[in-house]
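Along the sequence shown, residues carry numbers from 1.
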Amino acid sequence: MIIGLTGTKGSGKGDLSKYLEDKGFQKLVFSDVLKDELIKRNILPTRENLQNLGNEFRQQGGDILAKKLLEKVTQEKVVLDGIRNPNEITYLKANTDFVLIGIDADEHTRYERGLLRGSPKDPRTFKEFRERDFKDRKSEDPAGLQVDNCLAQADYKIFNNITIEEFHAQIESVLIQIKNRKYQHTAADENDYIS
């Protein structure tokens, strides 16, 4: 089973992928493919360089990052963190046992989380945060970042304006739903086979 994560910046994708990794999932991050390539090209892996390279890769085919990431899969249970283009979802749904979880939170909460992280990559002002957020969410370029379109395709959604304990409880609830859905599909397939 492959669980894909999509969501807005600061919504909790990293926390969710770490939670699944602690449960035995192999964790793969879309931006790692881009970081590896930037290092090969001797280019600093800044946010802007990562986005530009991602767009460049997707110009070669909207599913190229998904294909490259799947080459790194070594386990049955995998979490793919950082899906930002609908073509990646289409490819993964067509070629794997794939479920997509979407994560969001209100923009003030996400901005404050970035400030608390203290990463030099995170915006320092709310205005800068909103500009980056818009760029992530609504690119008109088919090869660009389209997080809103990805969220619309999520099989399960978590709105993460909650404590970490409540967030973990919601994750567990979604995992149970995924397991039950998988069981229902398997039982339906067996019934089709019997009749």
**Student:** Got a donor-acceptor contact below 3.5 angstrom from the N49 side chain to the L44 backbone?
**Tutor:**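 Flag set: sc N49 to bb L44 pair under 3.5 Å.
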**Student:** Considering all heavy atoms of both residues, which atom of A154 and which atom of G102 are nearest to each other, and what is their separation?
**Tutor:**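 Shortest heavy-atom contact: CB-N, 3.5 Å.
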**Student:** Do K9 and D122 sit within salt-bridge range, that is, some charged N less than 4.0 Å from a carboxylate O?
**Tutor:**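 Salt bridge between K9 and D122, a charged N being under 4.0 Å from a carboxylate O: yes.
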**Student:** Rest of the hydrophobic cluster containing L28 (Ile/Leu/Val/Met/Phe/Trp/Tyr, side-chain heavy atoms under 4.5 Å)?
**Tutor:**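 Its cluster mates, by chain and number, are I2, F30, V33, L34, L38, I43, L50, L53, F57, I64, L65, L69, L70, V73, V78, L80, I83, I89, Y91, L92, F98, L100.
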**Student:** Taking only residues two or more places apart in sequence or in another chain, which ones pass side-chain contact (heavy atoms from CB on, under 4.5 Å) with E131?
**Tutor:**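 Scan of E131 (side-chain contact (heavy atoms from CB on, under 4.5 Å), adjacent residues dropped) gives K127.
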**Student:** Taking side-chain contact (heavy atoms from CB on, under 4.5 Å) as the test, write out the residues that go with S31, two or more places apart.
**Tutor:**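 By the side-chain contact (heavy atoms from CB on, under 4.5 Å) rule, S31 matches V29, K35.
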**Student:** Give the minimum heavy-atom separation between K27 and S17, together with the two atoms involved.
**Tutor:**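 In terms of heavy atoms, the two residues are closest at CE-OG, 3.3 Å.
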**Student:** Calculate, to the nearest 0.5 Å, the distance between atoms CD1 and CZ belonging to I3 and F25 respectively.
**Tutor:**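 The CZ atom of F25 is 4.0 Å from CD1 of I3, to the nearest 0.5 Å.
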**Student:** Ring pair (Phe, Tyr, Trp, His ring centres under 6.0 Å) with Y19: which residues, sequence neighbours excluded?
**Tutor:**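 For Y19 the ring pair (Phe, Tyr, Trp, His ring centres under 6.0 Å) partners, ignoring immediate neighbours, are H168.
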**Student:** Does L175 belong to the same Ile/Leu/Val/Met/Phe/Trp/Tyr cluster as M1, with side-chain heavy atoms less than 4.5 Å apart forming each link?
**Tutor:**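 Yes, it is one cluster - the side chains of L175 and M1 are joined through contacts under 4.5 Å.
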**Student:** Check whether any side-chain heavy atom of I103 lies under 4.5 Å from a side-chain heavy atom of L16, and answer yes or no.
**Tutor:**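 Touching, per the 4.5 Å side-chain cut-off.
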**Student:** Judged by modelled atom types alone, do T90 and N87 share a side-chain donor-acceptor pair under 3.5 Å?
**Tutor:**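 No.
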**Student:** Between the side chains of R132 and E48, is the shortest nitrogen-to-carboxylate-oxygen separation below 4.0 Å, so that they form an ion pair?
**Tutor:**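 No.
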**Student:** Kindly work out whether a path of hydrophobic side-chain contacts (I/L/V/M/F/W/Y, heavy atoms less than 4.5 Å apart) joins I101 to F167.
**Tutor:**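 Yes: a chain of side-chain contacts under 4.5 Å links I101 to F167.
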**Student:** Determine whether more than 12 heavy atoms belonging to other residues, nucleotides or ligands lie under 6.0 Å from atom CZ of R130.
**Tutor:**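 Result for CZ/R130: open.
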**Student:** Go through the steps to decide whether K77 and D97 satisfy the test salt bridge (Lys or Arg N to Asp or Glu O under 4.0 Å), and finish with yes or no.
**Tutor:** CA-CA 10 Å; K77 294 188 322 183; D97 180 16; over 6 Å; no
**Student:** Are the side chains of L145 and K135 in touch, meaning some heavy atoms are under 4.5 Å apart?
**Tutor:**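 Side chain of L145 against side chain of K135, heavy atoms only: no contact under 4.5 Å found.
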**Student:** When Ile, Leu, Val, Met, Phe, Trp and Tyr are grouped by side-chain heavy atoms lying under 4.5 Å apart, directly or through other members, which residues fall in the same group as I176?
**Tutor:**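 Direct or chained contacts put I176 with none.
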**Student:** F129: what forms a ring pair (Phe, Tyr, Trp, His ring centres under 6.0 Å) with it, not counting sequence neighbours?
**Tutor:**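 For F129 the ring pair (Phe, Tyr, Trp, His ring centres under 6.0 Å) partners, ignoring immediate neighbours, are Y111.
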**Student:** Name all residues meeting the salt bridge (charged side-chain N to carboxylate O under 4.0 Å, His left out) criterion together with D133; count only those two or more places apart in sequence or in a different chain, and write none if there are none.
**Tutor:**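 Once residues adjacent in sequence are excluded, the partners of D133 under the salt bridge (charged side-chain N to carboxylate O under 4.0 Å, His left out) criterion are R110, R137.
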**Student:** To the nearest 0.5 angstrom, please state how far the CD atom of Q177 sits from the CD atom of E172.
**Tutor:**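 CD of E172 is found 11.5 Å from CD of Q177.
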**Student:** Would you find more than 12 non-hydrogen atoms of other residues, nucleotides or ligands less than 6.0 Å from E76 atom CD?
**Tutor:**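 12 or below, so no.
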**Student:** Roughly how far, to the nearest 0.5 Å, is CG of D106 from OG of S11?
**Tutor:**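 S11 atom OG to D106 atom CG measures 11.5 Å (nearest 0.5 Å).
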**Student:** I'd like to know whether F159 forms a side chain to side chain contact (heavy atoms under 4.5 Å, CB included) with Q170, so could you lay out the CA-CA distance, the side-chain angles of the two residues, the decisive distance to 0.1 Å, and finally the verdict.
**Tutor:** CA-CA 9 Å; F159 195 74; Q170 283 205 20; over 6 Å; no
**Student:** What are the two closest heavy atoms between A152 and K157, and how far apart are they?
**Tutor:**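 For A152 versus K157, the nearest heavy atoms are CA-NZ, 4.1 Å.
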**Student:** So how far is it from E166 CD to I158 CD1, rounded to the nearest 0.5 Å?
**Tutor:**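 Answer for the CD-CD1 pair, E166 versus I158, is 12.5 Å.
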**Student:** Can you see whether Q51 engages D136 through a side-chain donor-acceptor pair at a distance of less than 3.5 angstrom?
**Tutor:**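 Yes - a donor-acceptor pair under 3.5 Å links their side chains.
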**Student:** With rounding to the nearest 0.5 Å, note down the distance linking CZ in R181 to CD1 in I178.
**Tutor:**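 Reported value, rounded in 0.5 Å steps: 7.5 Å.
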**Student:** When you compare the side chains of T8 and D104, does any donor N or O come within less than 3.5 Å of an acceptor on the partner?
**Tutor:**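 Yes.
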**Student:** Taking only residues two or more places apart in sequence, or in another chain, which ones meet E112 in a salt bridge (charged side-chain N to carboxylate O under 4.0 Å, His left out)?
**Tutor:**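 Per chain and number, E112 pairs via salt bridge (charged side-chain N to carboxylate O under 4.0 Å, His left out) with no residue.
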**Student:** So, taking the atom named CG in D63 and the one named CG in N85, what distance separates them when rounded to the nearest 0.5 Å?
**Tutor:**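 One gets 9.5 Å once the value is rounded to the nearest 0.5 Å.
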**Student:** Donor-acceptor pair, distance only, cut-off 3.5 Å: does the side chain of Q26 make one with the backbone of T74?
**Tutor:**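 Confirmed, Q26 side chain pairs with T74 backbone.
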**Student:** Residues in salt bridge (charged side-chain N to carboxylate O under 4.0 Å, His left out) with E56, at least two apart?
**Tutor:**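 Residues passing salt bridge (charged side-chain N to carboxylate O under 4.0 Å, His left out) with E56: R41.
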**Student:** L115 versus R124: any side-chain heavy-atom pair under 4.5 Å?
**Tutor:**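 L115 vs R124: side chains touch.
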**Student:** Taking all non-hydrogen atoms of both residues, which atom of I162 and which atom of R113 are closest, and how far apart?
**Tutor:**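 I162 and R113 have their closest heavy atoms at O-NH2, 4.1 Å.
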**Student:** Which hydrophobic side chains are connected to F134, either touching it within the sub-4.5 Å cutoff or through other members that do?
**Tutor:**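 Listed partners: none, F134 stands alone.
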**Student:** Write out all pairs satisfying salt bridge (charged side-chain N to carboxylate O under 4.0 Å, His left out) with one or both partners inside residues 81-94, taking only residues at least two apart or from two chains.
**Tutor:**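 Listed once each, the pairs are R58-E88, K93-D155.
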**Student:** Please enumerate all residues that pass side-chain contact (heavy atoms from CB on, under 4.5 Å) together with K18, with sequence neighbours excluded.
**Tutor:**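 By the side-chain contact (heavy atoms from CB on, under 4.5 Å) rule, K18 matches E21, D22.
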